[in-house]
There are 2 protein chains.
Amino acid sequence: MFQQIKTMFSKSCEYAIKAMIFVAQKSKEEQRVGIKEIAKGTDAPEHFMAKIMQDLSRRKLIHSAKGPNGGFYMDASDLKNSIADIVKAIDGDTIYKDCVLGLKECSEKNPCPVHFEFKEIKKNLIKMIENNTLAAFNEKLDSGKFFLRNK
Amino acid sequence: MFQQIKTMFSKSCEYAIKAMIFVAQKSKEEQRVGIKEIAKGTDAPEHFMAKIMQDLSRRKLIHSAKGPNGGFYMDASDLKNSIADIVKAIDGDTIYKDCVLGLKECSEKNPCPVHFEFKEIKKNLIKMIENNTLAAFNEKLDSGKFFLRNK
DNA sequence: ATAATAAAAGATAAAAAACTCTTTTATTAT
DNA sequence: ATAATAAAAGAGTTTTTTATCTTTTATTAT
Ligand code: FES
Ligand code: FES
């Protein structure tokens with residue numbers, strides 16, 4: 001039988017958000033962060049995380065430098081990215097567009113039975129992830145009251 | 001590279017919700033609904049849907065009868081089940097308990113950076129799926145303004 | 001009793017997601 | 001120039017999810 005574990009985002013996306021927050025924190029003073037440090041700091045498998053970072057880099061959500069003293073870092077404009085930007089880069093915009101019950105199209109014309117119930121929920125969810133930028137997190141997290149790993 | 005398609009529920013769970021709504025509609029007058037009809041009516045692969053129905057049946061969310069004139073059906077008490085009951089049966093209670101960023105524990109003591117932001121969203125989501133019973137859908141859907149398939 | 005029906009169960013198969021290992025490329029410092 | 005570093009890219013493997021096919025069991029009607 002099946003044992004599904006279904007969370008809001010894909011594992012890749014979870015890692016991506018954690019990594020972005022992690023690097024944002026360290027990027028405050030021109031520091032670069034290596035993939036090993038990122039993986040450790042976020043409880044993610046190193047090589048898998050590397051792929052995700054490459055992806056985020058390709059999509060211009062983060063900067064990277066090769067060679068000694070290289071690593072990942074963010075500039076001021078990178079810090080303006082929101083959780084939504086990360087989610088869109090990794091999981092795509094399915095939470096924006098897709099029908100909750102998997103109909104081919106989510107529309108007001110052909111709504112599934114739960115369309116209107118979920119409309120409001122989705123609106124709030126989207127608003128939240130769009131309003132929360134990495135810069136905003138940076139401030140909040142300086143208090144040290146939040147965690148990216150716990151074992 | 002990856003192209004994730006991440007929706008709120010697993011495919012199994014989407015099918016389960018659709019099937020439950022489908023059977024609820026047909027169960028109004030002691031009708032039994034065969035697996036073929038359910039699969040067709042919900043755009044789901046027949047044998048896969050069969051597994052899901054067995055699962056729902058084992059978990060007492062729906063009744064079934066073998067043999068001629070057999071099929072799936074609901075009694076009054078089955079109609080009291082909510083979307084939440086279906087989700088819990090198929091996807092488990094991860095949306096209740098799990099950390100959005102995948103920390104081992106979701107807690108106020110060790111909150112991840114998005115914990116408090118998502119708290120409210122999750123609360124609304126849970127409230128919604130708990131408040132929407134199949135019986136409630138049945139009334140609403142009689143208007144014929146909702147769809148379980150569209151191709 | 002027998003045949004027909006339909007769900008239940010079992011066993012694979014295909015596809016997607018998650019994860020690992022190896023090689024290459026760019027950069028820096030010696 | 002050379003060696004060391006670290007990201008990028010390539011090429012897998014493993015696990016989970018989704019889907020299909022086959023056999024069995026229970027029920028009904030003849
Ligand atoms: S049609 Fe299903 S959520 Fe819009
Ligand atoms: S700790 Fe992450 S959502 Fe609660």
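Just so it is clear: chains get the letters A, B, ... in the order the sequence lines come, proteins before strands, and each one is counted from 1.
- Spacing between atom CZ of B:Arg59 and atom P of C:dA7 amounts to 20 Å, rounded to whole angstrom units.
- Between A:Glu117 and B:Lys140 there is a salt bridge, since at least one side-chain N of the basic residue sits less than 4.0 Å from a carboxylate O of the acidic one.
- For the pair B:Met49 CE and C:dA6 C1', the computed distance is 16 Å after rounding to whole Å.
- For B:Glu46 and D:dT18, the CD to C1' distance is 16 Å, given to the nearest whole Å.
- Candidate nucleotides D:dA7, C:dT20, C:dA18 were compared by shortest atom distance to the side chain of A:Ser12, and C:dA18 ranks first.
- Rounded to whole Å, the distance from CD1 on B:Ile35 to P on C:dA6 is 12 Å.
- Side-chain proximity of A:Phe72 to the nucleotides D:dA7, C:dA7, C:dG10 is greatest for D:dA7.
- Side-chain proximity of B:Pro45 to C:dA7, C:dT20, D:dT20: nearest is D:dT20.
- Figure legend: cation-pi geometry between B:Lys26 and B:Tyr73 absent, as NZ or CZ is not positioned both under 6.0 Å from the six-membered ring centre and within 45° of its axis.
- The base-pairing partner of D:dA4, taking Watson-Crick or G-U wobble contacts with both distances under 3.5 Å, is C:dT27.
- The separation between A:Lys51 atom NZ and D:dA11 atom P is 10 Å, rounded to whole Å.
- Contact check on A:Glu14 versus A:Lys11 returns a salt bridge, with a Lys/Arg side-chain nitrogen under 4.0 Å from an Asp/Glu carboxylate oxygen.
- Residues A:Lys51 and A:Glu46 are not paired through a salt bridge, judged by the lack of any N-O separation under 4.0 Å between the basic side chain and the carboxylate.
- Using a 4.5 Å heavy-atom cutoff, the side chains of B:Asn138 and B:Leu79 are in contact.
- Under a 4.0 Å N-O distance rule, the pair B:Lys123/B:Glu120 qualifies as a salt bridge.
- With C:dA9, C:dC19, D:dA9 as the candidates, the nucleotide lying closest to the side chain of A:Gln54 is D:dA9.
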- Message: Generate the contact string for nucleotides 22-30 of chain C. Rules: B means base contact, S means sugar-phosphate contact only, - means no protein heavy atom under 4.0 Å.
- Response: B--BBBBS-

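- Using a 4.0 Å cut-off between charged nitrogen and carboxylate oxygen, B:Lys40 and B:Glu37 do not count as a salt-bridge pair.
- D:dA19 and C:dT12 make up a base pair, with Watson-Crick or G-U wobble contacts both under 3.5 Å.
- For the pair B:Phe48 CZ and C:dA9 P, the computed distance is 17 Å after rounding to whole Å.
- Contact between the side-chain N/O atoms of B:Ser64 and the OP1/OP2 oxygens of C:dA6 is not found at any separation under 4.0 Å.
- Shown here, D:dA9 forms a base pair with C:dT22; the pair counts as Watson-Crick or G-U wobble because both key distances fall under 3.5 Å.
- If you take CG of A:Asp91 and P of C:dA16, they are 16 Å apart, rounded to a whole angstrom.
- Rounded to a whole Å, the CZ atom of B:Arg58 is 8 Å from the C1' atom of C:dA8.
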